[in-house]
Amino acid sequence: MTASISDHLLAWYDKHARALPWRLPPGAPLPDDPAWPYRVWLSEVMLQQTTVAAVKPYFEKFTALWPDVTALAAAPDDAVMAAWAGLGYYSRARNLMKCAREVAVRGGFPTTEAELRQLPGLGDYAAAAIAAIAFGQRAVVVDANVERVTARLFAITDPLPGARKAIRAATAGITPATRAGDFAQAMMDLGAQTCTTRSPRCLLCPLRAHCRAHAAGAPERLPVKPAKKPVPERSGTAFWITRQGGAEVWLVTRPGKGMLGGMRALPDDGWSARADGSGMVPLAGDWRELGAVRHGFTHAQLTLRVMALDTDSPPPGEGQWRPVSQIEDAGLATLFAKAARLALAGG
DNA sequence: GATGCGTGGAA
DNA sequence: TTTCCAAGCAT
């Protein structure tokens, strides 16, 4: 009997699995500890559309501040948003808090894929991944790595996203009844390190002999992706408003939805991914132009002009004065952290 | 099904 | 410098 694809892959994973802070050694028994599913869940949310290298320090920070789901559920919103600052996709942090509070109320994470799927911030991928990795259940885990590996293994040439159904079916066909969590992580390790997007290292691949795309040549062409639309260019203005000769700066909290939603920020002129800002200053005074910062979003490229004013007048609207000396700890998203650095450098 | 939503690193 | 994109989810 020829060893199956999953057998080959698991044997490779037993030797070559990456050691990660949220991961058990291959084949290790699942800990009987409520912090275990918490750590798996936290890592899965952080890893959505985000690299392992970027996640590591945030995972360490979160687990040190909030070692279990009860602690995270009890944390104030602004503390969690500030801790997430810089990691991006801030709706994840908002859903993280919602999810933690639901889980704390019900006394722990549900253990089935279907129940996990109902929690805020958990989609098809994360629900399957947590069911398999945290609870040892057989689930079909399909992320972008698995999509790539499977599309190549079976030479699925239909373009995404239409090919997803076939890719899921093919992945289901090779997912083992046991060790589904290790299998999923093995597929992801293989996709991240060996079966890479641009230059797959087929000579190192444990599945080379099973791979139809390798046999056909040019595996790097799969999966076929749709063309990307051009990213619009936008401009806006942020306002560095200080008092007491620059000792304190006026910060606002952005609305709970939309870009950088729920994050502490510099006030601005209403720019968005859809439209430029008004360029209007929020209060009269002797403004100084400090320059501009550039920042790329997924769906817009922004030039943010930064203007400064030291004043005794309270700015309009909600906000708070924060010590400039602690601006690095204020929990600003990267865009506004850039603007703050420009202001502190004096323009 | 298409769109909106961050960031930093690699090529 | 520019382009691409990495363990997706919500609407």
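Throughout, protein chains are lettered first and strands after them, A, B, ... in sequence-line order, and every chain is numbered starting at 1.
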**Report entry** Whichever of A:Arg23 and A:Lys98 has its nearest DNA chain C nucleotide further upstream toward 5'
**Finding:** A:Arg23
Query raised in the report: Counting any heavy atom closer than 4.0 Å, what does A:Ala126 reach on the DNA or RNA strands: base, sugar-phosphate only, or nothing?
Result: sugar-phosphate
**Report entry** Separation of atom CH2 in A:Trp271 from atom C1' in B:dC5, rounded to whole Å
**Finding:** 11 Å
Query raised in the report: Which part of the nucleic acid, if any, lies within reach of A:Leu87 when heavy atoms closer than 4.0 Å are counted: base, sugar-phosphate only, or nothing?
Result: base
Requested in this report: Check whether any side-chain N or O of A:His299 sits under 4.0 Å from OP1 or OP2 of B:dC5, and answer yes or no.
Outcome: yes
Query raised in the report: Are A:Gln49 and C:dG8 close enough that a side-chain N or O sits under 4.0 Å from OP1 or OP2?
Result: yes
Query raised in the report: Passes side-chain hydrogen bond (donor to acceptor under 3.5 Å, both in side chains), A:Thr253 versus A:Arg264? Steps please.
Result: CA-CA 4 Å; A:Thr253 299; A:Arg264 197 171 286 133; 5.0 Å; no
Query raised in the report: How are the rings of A:Trp22 and A:Phe59 set relative to one another: parallel (under 30°), tilted (30 to 60°) or perpendicular (over 60°)?
Result: perpendicular
Query raised in the report: If you look at every strand shown and take non-hydrogen atoms under 4.0 Å, does A:Leu20 touch a base, only sugar-phosphate, or nothing?
Result: base
Requested in this report: Could you check whether A:Ala273 gets within reach of a base, just the sugar-phosphate, or nothing at all, counting any heavy atom under 4.0 Å?
Outcome: sugar-phosphate
Report task. Just call it for A:Gly296: base, sugar-phosphate, or nothing, with non-hydrogen atoms closer than 4.0 Å on any strand. Result -> base
Report summary line: Closest non-hydrogen atoms of A:Met280 and A:Phe239, given as atom of the first, atom of the second and distance, are O-CZ, 3.3 Å
**Report entry** Stepwise side-chain hydrogen bond (donor to acceptor under 3.5 Å, both in side chains) test for A:Arg92 and A:Gln48
**Finding:** CA-CA 9 Å; A:Arg92 292 185 296 170; A:Gln48 290 164 10; 5.0 Å; no
Query raised in the report: Among B:dG6, C:dG8, C:dC5, which is the nearest nucleotide to the side chain of A:Arg198?
Result: C:dC5
Query raised in the report: Just wondering, more than 12 heavy atoms not from A:Arg106 lying within 6.0 Å of its CZ?
Result: yes
Requested in this report: Tell me what A:Ala184 touches on the nucleic acid: a base, only sugar-phosphate, or nothing, going by heavy atoms under 4.0 Å.
Outcome: nothing
Report task. Quickly work out the A:Arg201 CZ to B:dA10 P distance and round it to whole Å. Result -> 13 Å
Query raised in the report: Taking atom P of B:dT7 as reference, at what distance in whole Å does atom CZ of A:Arg92 sit?
Result: 10 Å
Query - P-based separation of C:dC9 from B:dG8 [nearest Å] - result: 22 Å
Query - Residue A:Ala144, side-chain atoms from C-beta onward, closest of B:dA11, B:dC5, C:dG8 - result: C:dG8
**Report entry** Given B:dT7, B:dA2, C:dA6, the nucleotide with the shortest approach to the side chain of A:Pro161
**Finding:** B:dA2
Query raised in the report: Using a cut-off of 4.0 Å on non-hydrogen atoms, how would the nucleic acid contact of A:Arg294 be classed: base, sugar-phosphate, or nothing?
Result: nothing
**Report entry** Along DNA chain B (nearest heavy atom to each residue), the more 5'-positioned of A:Tyr89 and A:Lys229
**Finding:** A:Lys229
Query raised in the report: Using a cut-off of 4.0 Å on non-hydrogen atoms, how would the nucleic acid contact of A:Trp22 be classed: base, sugar-phosphate, or nothing?
Result: base
Requested in this report: Measure from the ring center of A:Trp66 to the ring center of A:Tyr38 and say whether it is less than 6.0 Å.
Outcome: no
Query raised in the report: So what does A:Arg274 touch, heavy atoms closer than 4.0 Å: a base, only the sugar-phosphate, or nothing?
Result: sugar-phosphate
Report task. Kindly point out which of B:dG6, C:dC9, C:dA6 is positioned nearest to the side chain of A:Arg148? Result -> C:dA6
Report task. Scan A:Thr197 against the nucleic acid and name what it touches under 4.0 Å (heavy atoms): base, sugar-phosphate only, or nothing. Result -> sugar-phosphate
Query - B:dT7 phosphate, OP1 or OP2, under 4.0 Å from A:Tyr90 side-chain N/O - result: yes
Report task. Select base, sugar-phosphate, or nothing to describe what A:Lys225 touches, counting heavy atoms under 4.0 Å on all strands. Result -> sugar-phosphate
Report summary line: Closest of B:dG6, C:dC5, C:dC9 to the A:Lys228 side chain is C:dC5
Query raised in the report: Over how many whole Å does the gap from A:Phe297 atom CZ to B:dT3 atom C1' extend?
Result: 16 Å
Query raised in the report: A:Leu47 CG to B:dT7 P: how many Å, rounded?
Result: 17 Å
**Report entry** Minimum-distance pair of heavy atoms, taken over all atoms of A:Gly291 and A:Leu342
**Finding:** C-CD2, 3.8 Å
Report task. Please confirm whether any donor atom in the side chain of A:Thr50 sits under 3.5 Å from an acceptor in the base of B:dG6, or the reverse. Result -> yes
Query raised in the report: Hey, does the side chain of A:His295 come within less than 4.0 Å of B:dT7's phosphate (OP1/OP2), counting only N and O?
Result: yes
Query raised in the report: Do A:Thr298 side-chain and B:dG6 base share a donor-acceptor contact under 3.5 Å?
Result: yes
Query raised in the report: So what does A:Lys257 touch, heavy atoms closer than 4.0 Å: a base, only the sugar-phosphate, or nothing?
Result: nothing
